[in-house]
Amino acid sequence: MSFSSDVKEELARQDSTAMHCQIAEMSAMIAMCGHMISREKLQLQTENAAVSRKYFTLLKKTFNINTDVVINRNPCLKRGNIYMLTIASPEQTQRILQAAKLTVREDESLYLVNHMVIQNSCCKRAFIRGAFLASGSLSDPEKSYHFEIVCQTKDKALQLQEVMQVFHIDAKIVQRKKSYVVYVKESAQIVELLGLMEANVALMKLENIRILKDMRNSVNRKVNCETANIHKTVNAAVKQIEDIRLIEEKVGLDQLNSGLSEIARLRLEFPDATLRELGTMLTPQVGKSGVNHRLRKLSNLAQELRA
């Protein structure tokens, strides 16, 4: 199973004890993947068995309604099923829509019109959970961080974005073909969303992956920095030795003053030594900046000889 499927399986097992939270969660599920048939029958369609079980459970708990689950083969995919739950009774359908504060639009899609159903903070969390169960997905955090919920209309996307913003989740909206996608890419905010939806097992797994990736990235940055410094040091030492060899050939190291002559001979003898190490070999000892100053003088002298 994918990471997204694991999260949905965990969320499907989460049971809100309060009736108002159950209705808020069901309202989101119906709004996201439900539709009306001839304005009399309410049908919810999903490709996830866990989502169909959760919807069935919510109907039973909140309205004491039993419905059959029809399983069809997905015609668009070589594998996978489509689970359809239909409320055939117009009376039961109206009862559900009124409780969930949903209205039927001209295209027979459903929309939350009364925010009373998500007035409480706990109900908002349940609403986000229901929306994710119905039409959300989460990428494998080992590869990338991407949380999204696909909405049929821009109004639904804006409504969901507004609910998320109550919890300081900076969700963005992008149009994808005929749908609108509410998405979050920042790992810390995805962790926050998992916590809001009460997917605690998935939250811990993602946090562990984040820690490992941060440690790996930190080690890589340090290794890259040290490698770059080594290359810089080696290249500088090679250039210094070339300059000293030129001076030795053209002028002779004995013709230099004692300070330059001493550092030149030490550099030739210890090509891999750092500036600080070279400084400790001098008599008297000289700091890193003093060694660098003498080597720069040698470099300028070599430049003059080349000219």
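- The ring-ring contact (aromatic ring centres under 6.0 Å, His included) check on Phe147 picks up Phe132, with sequence neighbours excluded.
- Between Cys123 and Ala24, the shortest heavy-atom contact is O-CB, 3.5 Å.
- Val223 belongs to a hydrophobic cluster whose remaining members, ordered by chain and number, are Val219; membership requires side-chain heavy atoms of ILVMFWY residues under 4.5 Å apart, directly or through intermediates.
- Around CD of Gln165, the count of heavy atoms belonging to other residues, nucleotides or ligands within 6.0 Å exceeds 12.
- Through ILVMFWY side-chain contacts below 4.5 Å, Ile209 is grouped with nothing and stands alone.
- Using a 4.0 Å cut-off between charged side-chain N and carboxylate O, Arg210 and Glu207 make a salt bridge.
- Counting only residues at least two apart or in different chains, side-chain hydrogen bond (donor to acceptor under 3.5 Å, both in side chains) contacts with residues 279-304 comprise Asp243-Ser299.
- Between Asp155 and Arg105 a salt bridge is recorded (basic side-chain N to carboxylate O distance below 4.0 Å).
- Between Lys124 and Glu162 there is no salt bridge, since none of the side-chain N atoms of the basic residue sits less than 4.0 Å from a carboxylate O of the acidic one.
- Each of Ile190 and Val201 belongs to its own hydrophobic cluster when Ile, Leu, Val, Met, Phe, Trp and Tyr are linked at side-chain heavy-atom distances under 4.5 angstrom.
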Legend entry - Trace of the side chain to side chain contact (heavy atoms under 4.5 Å, CB included) decision for Lys54 with Arg129: CA-CA 11 Å; Lys54 183 64 178 285; Arg129 180 168 62 244; 4.2 Å; yes

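- Identified under the salt bridge (charged side-chain N to carboxylate O under 4.0 Å, His left out) test for residues 245-266, with sequence neighbours left out: Arg245-Glu248, Asp254-Arg265.
- Other members of the cluster containing Ile244 are Ile241, Leu246, Ile247, Val251, Leu253, Leu256, Leu260, Ile263, Leu266, Leu268, Phe270, Leu275, Leu278, Met281, Leu282, Val286, Val291, Leu295, Leu298, Leu301, Leu305, with ILVMFWY side chains joined at under 4.5 Å, either directly or via other members.
- With 3.5 Å as the limit, one finds a donor-acceptor pair spanning the side chains of Asn64 and Lys60.
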